[in-house]
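Worksheet: the structure to be examined is printed underneath.
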Amino acid sequence: AAAGAVAGPGPGRPWVVDAGAQAVVRLSPDGRDVVLRSVRSIEPFSLAVDARSGSVWLADPLSNTVEILTPDLSTTRRFTGLQGPYTMAVSPRDGTAWICELDGGLAHVTAAGTPAVPPRIDLLDGPTGVAVHPSDHSVWVAEQDGDRVRHYTFEGIAIASTPLEAPTRVAVDSVSKNAWVTSLDRGRIHRLNELAQPRDSLAFASGPIGIAVDWRRDRVWVADAVGDAVLIIEASTRTLLRRIPGIAEPRDVAVDLTTGECWVAARGEGAVVRLAADGRVLARVGGFVDVVEVRLDPGTQ
């Protein structure tokens, strides 16, 4: 399409973690330039953004360290003591973060770095994915080593759980309240209802990791890391709408609800790719050593 026919970027601010360079990076809204870059003393593997304040959370499971940064990266809160902090989700209700601990728990932490209420959920086996529903603030957890997906209230009370082979990541549809779950090891994409009852198991991907739901457009985006492709699925019909090939080892995806665009962390090519809502490649920025996650600050604060 001609340049004039391509929608402009939304107000969101894309953030990326480059574990190999020990860096957190903010990209321009058009996905073509690096705006901010900060090399950390930790090796961040995971990233979360608080839409209320714009603060950025980084987790390093090797040093058991979590950092909380301001949007301009000028102020840092750092705390240790978690056991393998990994993927995270910030609650839009109060800015607290739920943090997967690879050694078997889900920590709940305030923006000041102190324990929240409840402080944690224990007795989990290798949780690797967590998502918070934007309206009821309930928490979904993908328990990879335990072959289970769990659903909790914001207060940490168990709602439901279901056996599921090697779940990797989880995302939630804020309208239907369905949870969408990837399994890297099994090459499956699952849909669960609010009570964690399995509804569909889709074989569109070879080895999916990251997943994001665009509830406004009835779309689910999936990073098929093994298949070197990004998938667009129609949520209501579970139909594969498009496979975007030629993206090397995409590990993570984030969707901009304003524009419908998808941002992809392409680990295999050391790049972040910005895709239009229909899957067209709009921009690529490279030069990363080991890009593993991408998140969007919607720019509402």
Side-chain angles (χ1 to χ4, degrees), residues 9 11-80 82 84-90 95-100 102 107 109-113 128-130 169 209-210 212 223 249-256 262-274 283-301:
R13 295 184 288 193
W15 290 94
V16 183
V17 282
D18 187 351
Q22 295 184 230
V24 56
V25 176
R26 178 184 158 194
L27 302 178
S28 60
D30 64 4
R32 299 182 184 279
D33 300 294
V34 171
V35 176
L36 288 174
R37 185 176 187 272
S38 177
V39 176
R40 316 306 302 170
S41 60
I42 64 172
E43 189 172 351
F45 277 85
S46 296
L47 170 73
V49 177
D50 181 0
R52 293 156 40 103
S53 66
S55 62
V56 179
W57 294 64
L58 305 175
D60 177 2
L62 301 180
S63 67
N64 296 322
T65 303
V66 174
E67 288 187 340
I68 309 172
L69 314 179
T70 59
D72 62 359
L73 307 181
S74 63
T75 302
T76 302
R77 293 186 181 94
R78 173 185 287 198
F79 58 93
T80 58
L82 302 185
Y86 193 44
T87 53
M88 302 174 285
V90 176
T96 59
W98 293 90
I99 305 173
C100 289
L102 294 176
V109 181
T110 71
T128 58
V130 59
R169 299 287 190 273
I209 300 180
E249 195 187 341
R251 283 186 55 91
D252 194 31
V253 287
V255 66
D256 187 334
C262 180
W263 295 75
V264 185
R267 188 182 195 183
E269 57 188 273
V272 174
V273 184
R274 174 181 161 229
R284 258 186 175 92
V285 58
F288 297 101
V289 179
D290 188 11
V291 57
V292 289
E293 283 195 353
V294 58
R295 291 291 180 268
L296 290 178
D297 172 0
T300 57
Q301 73 278 347

Looking at every non-hydrogen atom in both residues, tell me the closest pair between [X] and [Y] and how far apart they are.
| X | Y | answer |
| --- | --- | --- |
| Arg267 | Val292 | NE-CG1, 4.1 Å |
| Ser46 | Glu293 | CA-OE1, 3.4 Å |
| Asn64 | Gly84 | OD1-N, 2.8 Å |
| Ala21 | Val39 | O-CG1, 4.0 Å |
| Gly113 | Ile68 | N-CD1, 4.1 Å |
| Trp263 | Val272 | CE3-CG1, 4.0 Å |

Measuring only between side-chain heavy atoms, which start at C-beta, is [X] closer than 4.5 Å to [Y]?
| X | Y | result |
| --- | --- | --- |
| Leu62 | Phe45 | yes |
| Arg13 | Pro71 | yes |
| Leu296 | Val49 | no |
| Asp252 | Arg295 | yes |

Please assess Val109 against Val66 for the test side-chain contact (heavy atoms from CB on, under 4.5 Å), listing each intermediate value before the final yes or no. CA-CA 10 Å; Val109 181; Val66 174; over 6 Å; no
So, taking the atom named [atom1] in [X] and the one named [atom2] in [Y], what distance separates them when rounded to the nearest 0.5 Å?
| X | Y | atom1 | atom2 | value |
| --- | --- | --- | --- | --- |
| Ser63 | Leu82 | OG | CG | 10.5 Å |
| Ile209 | Thr87 | CD1 | OG1 | 11.5 Å |
| Asp50 | Leu69 | CG | CG | 12.5 Å |
| Leu27 | Asp33 | CG | CG | 8.5 Å |
| Thr65 | Phe79 | OG1 | CZ | 9.5 Å |

Residue pairs, two or more places apart or on separate chains, that pass side chain to side chain donor-acceptor pair (under 3.5 Å) and touch residues 17-27: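 Non-adjacent pairs meeting side chain to side chain donor-acceptor pair (under 3.5 Å): zero.
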Evaluation steps, side-chain contact (heavy atoms from CB on, under 4.5 Å), between Val16 and Leu47: CA-CA 7 Å; Val16 183; Leu47 170 73; 5.5 Å; no
Could you check whether any side-chain N or O of Arg251 sits under 3.5 Å from a backbone N or O of Gly210, counting only pairs where one atom can act as donor and the other as acceptor?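 Checking the backbone N and O of Gly210 against the side chain of Arg251, no donor-acceptor pair under 3.5 Å is found.
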Qualifying salt bridge (Lys or Arg N to Asp or Glu O under 4.0 Å) pairs, either residue in residues 55-69, two or more places apart: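 Passing the test, one end in residues 55-69: Arg40-Glu67, Glu67-Arg78.
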